[in-house]
Every structure is written in structure tokens, then in C-alpha cells.
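To keep things clear, I will list the structure first and then write my remarks on it.
As the structure lists them, so they are numbered: ligands from 1, and atoms in each ligand from 1. All of these numbers come straight from a predicted model, not from anything done at the bench.
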Amino acid sequence: MSEYRWLSPEEYDRRYPSQGDGTRCVHAGLPAPVPGAPFLPGPVFAAPYHLDPRHGPATAPNGYGRPDNPTRRLLEAAIGELEGGDCRVFASGQAAITGLLLAVLRAGDTVVLPADGYFPVRAFATDTLAGNDVRVLFAPTAGPYPSFEGVRLVLVETPANPGLDVVDLPALAEQVHAAGALLAVDNTTATPLGQRPLDLGADLVVASGTKAMTGHSDLLLGYVATRSAELLERVVAWRTATGAVPGAFDAWLAHRSLATLDLRLGRQTANAEALAHLLAGRADVSGLRWPGRPEDPAYPVASRQLRRMPGVLSFDLGNAERVARFLDAARLVAAATSFGGLHTTADRRAQWGDDTAPGFVRLSCGVEDTADLVADVAAALDAAA
Ligand SMILES: *Cc1c(COP(=O)(O)O)cnc(C)c1O
């Protein structure tokens with residue numbers, strides 16, 4: 001039961017026949033137009049809702065805020081449209097990923113996780129999952145992968161954060177399913193405009209919406225999407241039991257931000273391409289990774305699988321002091337973690353206890369003008385030499 005009227009698939013096709021990425025982002029999850037109502041209804045702030053005194057919660061869509069919130073449902077409809085599945089949002093990417101792992105895995109199960117993926121997920125696996133008698137195997141994103149016999153769940157991150165390796169999802173899905181296991185894909189770096197894992201054979205998508213998807217560096221969000229009613233039910237039960245839901249205002253901000261995803265990614269990718277070109281030509285930069293570069297080891301798979309390249313690249317400046325000089329000198333590159341925001345940022349990952357080299361930098365391109373950004377990064381590298 002919804003308090004908003006939805007466009008039927010036929011109405012939607014009639015209204016938005018082109019279905020390009022920009023169109024899909026602008027209209028994702030919006031209710032049917034009502035004269036006098038806003039395009040995106042404002043956030044609904046509620047813990048309890050009024051109940052029917054006689055029939056209780058059975059007659060209304062909302063009873064209590066932990067399971068029910070109409071602002072959250074609109075956002076879930078939007079992300080679900082973009083991912084091509086049913087979506088549920090969480091308070092953060094970590095809440096979504098740990099929720100998925102704990103909802104699916106039981107004592108005695110085996111899970112395969114990325115050896116080069118998001119560090120806190122690996123730490124969670126070795127602490128909490130291993131403590132729950134789940135066997136944890138790590139595999140590098142680019143392979144080789146272990147045998148999946150006896151494995152319950154394979155979680156991959158592609159492109160992986162921060163190393164930006166990729167894995168061939170249709171080929172992997174075939175191997176995972178042949179062994180009777182489930183495949184989950186962390187789609188944080190690509191976003192659903194960059195890659196639709198459910199179309200490529202994954203059973204589950206999980207992601208942080210904190211990064212490029214919402215892109216304004218002002219909220220935390222996570223989500224799980226799937227086409228399996230059974231898996232969705234388990235995820236929803238977990239979320240309701242643990243209460244790991246985003247607040248109404250964050251959900252509304254996220255939905256508002258989604259409308260510009262196509263525009264933001266377009267500029268971020270263009271900036272990453274220009275910076276990759278600059279960095280590849282500099283003798284003082286090593287280990288450049290960007291999956292959109294034909295020379296990159298990830299390129300053969302990335303160019304087949306990704307609908308667009310991420311705005312993130314990584315490289316090595318040799319040591320922590322040179323990274324500090326580079327960040328001091330740059331006027332358009334803020335020292336900050338996270339990625340995918342409007343502002344260009346760079347993060348020396350080793351300062352967080354990550355297992356990367358001391359001079360390893362993940363640089364996330366914002367939406368500044370390309371020429372300004374390239375000039376600034378070039379000048380900052382000169383100053384750091
Ligand atoms: C940031 C990130 C997460 C965690 O998301 P939060 O929203 O920070 O909790 C998970 N996976 C990847 C790949 C990430 O980059």
C-alpha cells in the first residue's frame with residue numbers, strides 16, 4: 001500500500017520514451033504528478049504514526065518509523081529503478097554490507113571476500129564473522145579465485161576501492177552459481193549508471209551511497225538491491241531487527257542528489273581521463289591506475305563491463321612527506337577521505353591503517369573545470385618534487 005500514486009510501466013514508457021541515463025536519474029522514484037504537490041515530496045519525520053483505533057496498523061502503510069517511512073520508500077524506488085531490482089536502504093554502506101553478510105551467513109558457512117577491497121569490510125570479517133564460526137577466504141579482485149565448492153557467498157568489489165582492479169562479472173557469476181553459491185557485488189565505485197550487476201548475473205548488489213551516488217559529501221547511506229524475494233525478505237528482516245535505517249532527511253537529500261548523478265559522473269569521468277593523461281606522462285608519479293586507460297591492466301574487462309569509467313584514480317608519490325607537500329600545494333585538491341563528491345579530494349590511504357604503500361594516493365575527481373584541475377594538479381606535483 002503506497003500513499004503515492006506510481007506511474008504504471010506503460011505510463012512511464014509513454015512519459016519518458018528515451019530512457020537515457022539523465023532522464024532516468026531526474027525522474028527516478030518520483031510519484032505521479034499531482035497539481036499543487038512538489039516534484040519530490042518533502043521528508044516525512046515520524047517515529048510512530050496515527051493508527052486506526054479499531055484496526056491498528058493493518059489499514060495504513062505506516063505504523064512505526066523503523067520499518068516504515070514514505071521518504072525512504074521513494075528513495076528505494078529510485079535506486080531500485082537504476083539498479084534494476086528491489087532496493088532497501090541502510091544508515092551507511094557499512095550497515096548495508098555487514099547487514100547483508102550477517103543476514104545471509106550462518107555458522108559453518110564459507111564466504112569469499114576481496115583481498116584488496118574496502119578495508120573495514122575485511123576487518124569486520126576477520127573479527128566478527130570469524131568469531132561467528134564463518135570461514136573467511138580472501139581473493140584478489142583480479143583473481144585468481146579459489147574453488148567455490150562449499151562456499152555460501154562470494155562478495156566482490158569491482159572496480160575495487162582503492163586499487164581499482166576489476167573482475168569479469170558474467171564469467172564469475174557462472175562459476176559461483178555452478179557451485180551453488182550466491183554472488184554479491186559492491187557497486188559503490190561504479191554506481192548503477194556505471195554498471196548494473198544484477199544484469200551481469202549477480203544475485204545481490206550492495207553499496208555505499210555516501211560516495212558518488214549522492215556525491216555532495218553531506219550524508220551517509222547504504223543499500224542492498226536484489227531480484228530475489230527470498231533474499232530481500234531476509235535483508236528487510238535484518239534491517240528491521242537491527243534498526244540500521246537512514247533518517248528521513250538524509251533519505252530525502254539522497255533522493256534530491258540522485259537527479260544530478262548523470263551530470264556529476266560525466267564531469268568526474270572527463271576529469272579523471274584528463275588527470276590520468278597528465279599523471280601517465282610524469283616521471284615523478286608511479287603505479288597509476290585508472291580502468292579507463294587502455295594501458296591499465298583492468299582495461300580489457302572494464303571497457304566491456306562498465307557503462308562509464310569512475311572518476312577515481314590511484315597512484316604513488318613514493319612517501320608520506322611528498323604526498324603532504326602535494327596536498328599543501330594543491331588549491332583544488334582537498335585532503336579528505338571518501339570519494340565521488342563534487343569537490344576533488346585525495347587521500348593517503350595508509351594514514352587510516354589500510355595496507356597500502358606509504359605514498360599511495362586515491363584521488364577522486366570533483367566537478368571542477370577540467371583545465372583548472374589539470375593545471376592545479378600539475379603545479380602541485382611540481383611544487384612537491
Ligand atoms: C565507503 C565504502 C563502503 C562503506 O560505506 P560507508 O557509507 O562509509 O559506511 C563500502 N564499500 C566501499 C567500496 C566503499 O568505498
For Asp347 and Thr337, does a side-chain donor sit closer than 3.5 Å to a side-chain acceptor? yes
I need the contact residues for ligand 1: any residue with a non-hydrogen atom closer than 4.0 Å to the ligand, ordered by chain then number. Ser92, Gly93, Gln94, Ile97, Tyr118, Glu157, Asn161, Asp186, Thr188, Ser208, Thr210, Lys211, Leu221, Phe339
So which atom in Leu261 and which in Cys25 form the shortest heavy-atom distance, rounded to 0.1 Å? CB-SG, 3.9 Å
For Arg88, give me all partners under salt bridge (charged side-chain N to carboxylate O under 4.0 Å, His left out), at least two apart in sequence or on another chain. none
With sequence neighbours left out, what residues match Ala380 under side-chain contact (heavy atoms from CB on, under 4.5 Å)? Phe326, Ala329, Ala330
Between Arg24 and Asp262, does at least one N-O distance fall below 4.0 Å, as a salt bridge requires? no
Who are the side-chain contact (heavy atoms from CB on, under 4.5 Å) partners of Pro67, not counting sequence neighbours? Tyr64, Thr240
